[in-house]
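Below, read A as the first sequence line, B as the second, and so on, with proteins coming before strands; counting in each chain starts at 1.
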2 protein chains.
Amino acid sequence: MFSKACEYGIRAAIYIGQQSTDSGRRVGLKDIAAEIGSPEAFTAKVLQQLVREQLITSVKGPTGGFELTAEQLRTVTLRQIVVAIDGGAMLQGCALGLPQCSARQPCPMHYQFLPIRDQLNELLRTHTIGELASKVHDGLGFLKQFG
Amino acid sequence: MFSKACEYGIRAAIYIGQQSTDSGRRVGLKDIAAEIGSPEAFTAKVLQQLVREQLITSVKGPTGGFELTAEQLRTVTLRQIVVAIDGGAMLQGCALGLPQCSARQPCPMHYQFLPIRDQLNELLRTHTIGELASKVHDGLGFLKQFG
DNA sequence: TTGGTAAAGGACAAAAATGTCCGGTATTTG
DNA sequence: CAAATACCGGACATTTTTGTCCTTTACCAA
Ligand code: FES
Ligand code: FES
């Protein structure tokens with residue numbers, strides 16, 4: 001579905017969001033990678049992208065780390081993260097790989113595929129990081145699986 | 001969504017199916033690649049996989065080529081092709097990349113994501129190659145886009 | 001039977017995704 | 001100021017995906 005980079009990015013963002021909501025404290029890279037079960041250095045690259053797009057916030061130095069502002073918690077959607085990392089191909093492209101998804105020259109799956117793709121778009125668009133973070137906080141969702 | 005290999009495989013299978021239905025004649029690799037706009041040699045590899053899985057049929061030598069039997073046209077689904085090439089990860093895996101998608105330790109998107117993934121599964125399961133081929137035959141679907 | 005034809009299969013090549021390492025830079029604390 | 005900390009950025013390494021080439025194998029027709 002999504003690339004590894006994107007999966008890590010989403011899980012990291014939610015974890016950061018959870019900590020920001022919960023204790024208002026910043027979290028370091030090592031902490032994040034451990035909590036979501038991702039390779040540390042690679043996760044760093046992904047987070048850099050999200051910082052550049054201002055979907056998450058970072059602070060250098062001691063007491064530094066990653067955090068989500070109240071505004072970011074409220075407004076940043078899953079969709080923004082997916083687009084920032086994977087681009088829009090999966091959200092707009094043709095299911096059978098035609099260069100253009102369009103009703104002008106649709107692939108044979110086009111009209112059946114569209115509603116599903118639309119639902120996926122809607123799903124990503126209507127879920128904020130803050131909302132998902134609170135789900136994790138309440139024990140209703142996990143970012144890593146244990147024994 | 002799907003890998004390039006899978007996209008080529010689906011489009012190729014539909015084209016072969018269309019020709020089998022239409023004129024009952026086999027089609028060669030060169031023909032296929034030209035008609036669906038895919039790299040010839042790479043497409044060959046993908047078709048080999050499908051032949052091994054008995055989702056399509058091939059015949060060597062003069063008058064040889066690829067074809068779909070009447071039974072294959074009727075029974076082979078999109079899902080079988082996707083599974084043969086890409087495996088089941090996209091059809092069963094977690095949206096956020098957790099090692100297991102399960103209600104026991106679900107990711108925060110699990111319950112929202114599941115219905116969409118189920119619809120996708122259903123879509124692939126209920127569409128046969130023959131059905132899609134006839135759509136192409138009737139000019140209601142395309143496997144390649146032109147100027 | 002023989003020669004041509006087309007898929008099968010193996011080896012190889014290029015590109016992209018994934019993952020690692022390390023020096024640089026900003027920030028905080030003593 | 002000095003030292004420690006933690007993200008930043010670039011280079012590099014590995015793996016997977018995508019794509020190519022060439023020989024072998026099977027088949028058909030003359
Ligand atoms: S043209 Fe294939 S999904 Fe729209
Ligand atoms: S656990 Fe993530 S989709 Fe089911």
Taking the nucleotide of DNA chain C with the closest heavy atom to each, which residue, B:G64 or A:K4, is nearer the 5' end? B:G64
Measuring from B:L132:CG to B:H137:NE2, what's the distance to the nearest 0.5 Å? 14.5 Å
Quick check for you: to the nearest 0.5 Å, what is the distance between A:I32 atom CD1 and A:L47 atom CG? 5.5 Å
Separation of atom [atom1] in [X] from atom [atom2] in [N], rounded to whole Å:
{"X": "B:L50", "N": "C:dG9", "atom1": "CG", "atom2": "P", "answer": "13 Å"}
{"X": "A:I56", "N": "D:dA6", "atom1": "CD1", "atom2": "P", "answer": "16 Å"}
{"X": "A:D86", "N": "C:dA16", "atom1": "CG", "atom2": "C1'", "answer": "13 Å"}
{"X": "B:F2", "N": "D:dT17", "atom1": "CZ", "atom2": "C1'", "answer": "17 Å"}
{"X": "A:F66", "N": "D:dC8", "atom1": "CZ", "atom2": "C1'", "answer": "9 Å"}
{"X": "B:I85", "N": "D:dT16", "atom1": "CD1", "atom2": "P", "answer": "19 Å"}
{"X": "A:E53", "N": "D:dC8", "atom1": "CD", "atom2": "C1'", "answer": "16 Å"}
{"X": "A:Q49", "N": "D:dC7", "atom1": "CD", "atom2": "C1'", "answer": "15 Å"}

Which part of the nucleic acid does [X] contact within heavy-atom distance under 4.0 Å: base, sugar-phosphate only, or nothing?
{"X": "B:K45", "result": "base"}
{"X": "A:V46", "result": "nothing"}
{"X": "B:R26", "result": "nothing"}
{"X": "A:L29", "result": "sugar-phosphate"}

Could you check whether B:Q145 and A:Q100, counting side-chain N and O atoms only, form a donor-acceptor pair closer than 3.5 Å? no
Does a donor on one side chain and an acceptor on the other come within less than 3.5 Å for A:R25 and A:S23? yes
Counting side-chain heavy atoms from CB outward, which of [options] is closest to [X]?
{"X": "A:P62", "options": "C:dT5, C:dT28, D:dC8", "answer": "C:dT28"}
{"X": "B:S3", "options": "D:dT20, D:dC28, D:dT18", "answer": "D:dT18"}
{"X": "B:F42", "options": "C:dA8, C:dT27, D:dG19", "answer": "D:dG19"}
{"X": "A:V51", "options": "D:dC8, C:dA8, C:dT18", "answer": "D:dC8"}
{"X": "B:K60", "options": "D:dG19, C:dG19, C:dA8", "answer": "C:dA8"}

Ignoring hydrogens and angles, answer whether the base of D:dG9 and the side-chain atoms of A:Q48 contain a donor-acceptor pair closer than 3.5 Å. yes
With nearest nucleotides of DNA chain D determined for B:T63 and A:L47 from heavy-atom distances, which residue corresponds to the more 5′ nucleotide? A:L47
With respect to the phosphate group of D:dC8, does any side-chain polar atom (N or O) of A:S58 fall under 4.0 Å of OP1 or OP2? yes
At under 4.0 Å, does any side-chain N or O of B:Y8 touch on OP1 or OP2 of D:dG19? yes
Can you tell me which residue among A:Q72, A:R26, A:E71 is in a side-chain hydrogen bond (donor to acceptor under 3.5 Å, both in side chains) with A:T57? A:Q72
Verify the cluster assignment for B:F142 and B:V136: are they in a single hydrophobic cluster under the rule of side-chain heavy atoms below 4.5 Å apart? no
